[in-house]
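Here's the structure, in structure tokens; my notes come after.
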Amino acid sequence: MRIRTETPADRPAALAVTEAAFAPRASGDRPVEAVLLEQLWVSPAYLPALSLVAEDDGGTLCGYVLTTRAHIGHVPSLGLGPIGVLPARQGQGVGRLLLEESIARAAGLGESSLVLLGSPAFYGRFGFVRADALGVNPPEPAWGADFMIRSLNDAGLPTGNFRYAPPFEAL
Ligand SMILES: CC(C)(COP(=O)(O)OP(=O)(O)OC[C@H]1O[C@@H](n2cnc3c(N)ncnc32)[C@H](O)[C@@H]1OP(=O)(O)O)[C@@H](O)C(=O)NCCC(=O)NCCS
């Protein structure tokens, strides 16, 4: 399995992976995460170096993650997601590889923090902790423990209201 920066040619497969990973079980509706991807790709918040694909030895795109510019108050931060792995390839470490590379690259770029919404049981393994306990407030108070942050350096985290890239707000 190889993690690499996405290219424009990857986008149809990245959409397909995201649609499969987030497919609603009961309806045929397109997952909102796929719509979100299309909007983020054309947003000023898009960061090419933090848009990653997982590709297997046969060249099949198995996973995709996008991290985009966000803010804590007026301080730049990052929002990770959507992240998705093909259902048939879940539970085999692909998500771990995508997360670890996202964290390493963001830190290497000098970014200070990475934020996401997800399961503490999974993301806690990668150093993410509940954000509101550190003074970083989610856009939706109800997100509670699922709204998590990871510091990327030794400086203290800023505090304030977290804002994802604008396309998230339309969800
Ligand atoms: C979440 C996701 C990206 C993880 O990728 P993955 O390749 O399956 O993850 P890995 O194989 O690296 O890690 C698997 C471990 O994470 C756990 N895990 C995966 N998704 C989880 C979730 N939503 N909640 C809790 N634990 C989860 C698995 O139980 C497994 O635990 P184990 O190692 O103790 O067996 C993938 O499962 C996926 O695409 N899910 C559907 C879309 C989704 O929910 N995306 C995330 C929204 S925040």
Side-chain angles (χ1 to χ4, degrees), residues 1-6 10-41 45-47 50-70 77-107 113-133 136-152 162-165 167-171:
M1 193 66 60
R2 183 163 79 108
I3 308 298
R4 60 167 175 79
T5 308
E6 74 153 359
D10 292 318
R11 290 192 172 173
L15 268 183
V17 163
T18 303
E19 287 178 359
F22 289 95
R25 294 183 203 286
S27 84
D29 291 349
R30 200 168 177 231
V32 292
E33 289 81 1
V35 178
L36 180 59
L37 269 194
E38 291 176 327
Q39 295 176 352
L40 290 170
W41 283 334
Y46 174 70
L47 300 170
L50 297 178
S51 303
L52 306 178
V53 300
E55 187 178 57
D56 72 11
D57 294 344
T60 299
L61 203 149
C62 303
Y64 183 74
V65 64
L66 186 61
T67 295
T68 49
R69 174 61 60 213
S77 178
L78 294 171
L80 185 145
I83 176 171
V85 173
L86 279 181
R89 309 299 285 267
Q90 290 176 10
Q92 299 167 20
V94 179
R96 166 176 288 276
L97 291 175
L98 287 169
L99 278 165
E100 289 176 344
E101 183 69 9
S102 298
I103 293 165
R105 285 195 185 201
S113 60
L114 189 52
V115 169
L116 56 77
L117 179 66
S119 161
F122 182 52
Y123 296 103
R125 302 173 186 191
F126 304 96
F128 287 87
V129 296
R130 182 172 178 150
D132 62 5
V136 178
N137 306 314
E140 298 288 340
W143 289 355
D146 291 346
F147 183 69
M148 289 173 282
I149 189 164
R150 188 192 194 283
S151 177
L152 298 172
F162 182 83
R163 283 180 297 119
Y164 273 109
F168 283 88
E169 289 165 13
L171 289 182

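As the structure lists them, so they are numbered: ligands from 1, and atoms in each ligand from 1. The structure displayed is predicted, hence computed values, not measured ones.
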How far does [atom1] of [X] sit from [atom2] of [Y], to the nearest 0.5 angstrom?
| X | Y | atom1 | atom2 | result |
| --- | --- | --- | --- | --- |
| Leu114 | Met148 | CG | CE | 11.0 Å |
| Phe162 | Trp143 | CZ | CH2 | 8.5 Å |
| Glu33 | Arg30 | CD | CZ | 11.0 Å |
| Thr67 | Leu80 | OG1 | CG | 3.5 Å |
| Leu61 | Arg4 | CG | CZ | 6.5 Å |
| Leu50 | Glu101 | CG | CD | 9.5 Å |

Element-labelled atoms of ligand 1 that are located less than 4.0 Å from some non-hydrogen atom of [X]:
| X | answer |
| --- | --- |
| Gln92 | 11 (O) |
| Arg96 | 12 (O) |
| Gly95 | 5 (O), 6 (P), 7 (O), 9 (O), 12 (O) |
| Val94 | 7 (O), 12 (O) |

Of all the non-hydrogen atoms in the protein, which one sits nearest to [atom], and at what distance?
| atom | value |
| --- | --- |
| atom 43 (C) of ligand 1 | Phe22 CE2, 3.5 Å |
| atom 45 (N) of ligand 1 | Ile83 O, 3.0 Å |
| atom 19 (C) of ligand 1 | Phe122 CD1, 4.1 Å |
| atom 38 (C) of ligand 1 | Gln90 NE2, 3.4 Å |
| atom 22 (C) of ligand 1 | Ser119 CB, 4.0 Å |

Task: Nearest atoms (heavy-atom pairs only) where Leu86 meets Ala20 - done: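 For Leu86 versus Ala20, the nearest heavy atoms are CD2-CB, 4.2 Å.
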
Region of [X] engaging ligand 1 - heavy atom pairs below 4.0 Å:
| X | result |
| --- | --- |
| Ala21 | both |
| Tyr64 | neither |
| Arg125 | side chain |
| Leu98 | neither |

Heavy-atom check, side chain of [X] versus side chain of [Y], under 4.5 Å:
| X | Y | value |
| --- | --- | --- |
| Pro120 | Arg130 | no |
| Ile83 | Tyr123 | yes |
| Arg89 | Met1 | yes |
| Ile3 | Leu98 | yes |

Task: Winner among Cys62, Gly93, Gly118 once heavy atoms are compared against atom 11 (O) of ligand 1 - done: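 Considering heavy atoms of Cys62, Gly93, Gly118, the nearest to atom 11 (O) of ligand 1 sits in Gly93.
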
Is it the case that ligand 1 has an N or O less than 3.5 angstrom from some N or O of [X]?
| X | answer |
| --- | --- |
| Gly84 | no |
| Leu117 | no |
| Val85 | yes |

Non-hydrogen protein atom less than 4.0 angstrom from [atom]:
| atom | answer |
| --- | --- |
| atom 35 (O) of ligand 1 | no |
| atom 29 (O) of ligand 1 | no |
| atom 4 (C) of ligand 1 | yes |
| atom 25 (C) of ligand 1 | yes |

Open item on the list: Can you tell me which residue among Thr68, Ile103, Leu47, Leu116 is in a side-chain contact (heavy atoms from CB on, under 4.5 Å) with Leu78?
Closed with: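 So the option named by the test is Leu47.
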
Open item on the list: Heavy-atom contact check, 4.0 Å cutoff: does Gly91 meet ligand 1?
Closed with: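 Right, Gly91 reaches ligand 1.
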
Task: Donor + acceptor pair across side chains of Thr5, Arg105 (<3.5 Å) - done: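 Indeed, the side chains of Thr5 and Arg105 share at least one donor-acceptor pair under 3.5 Å.
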
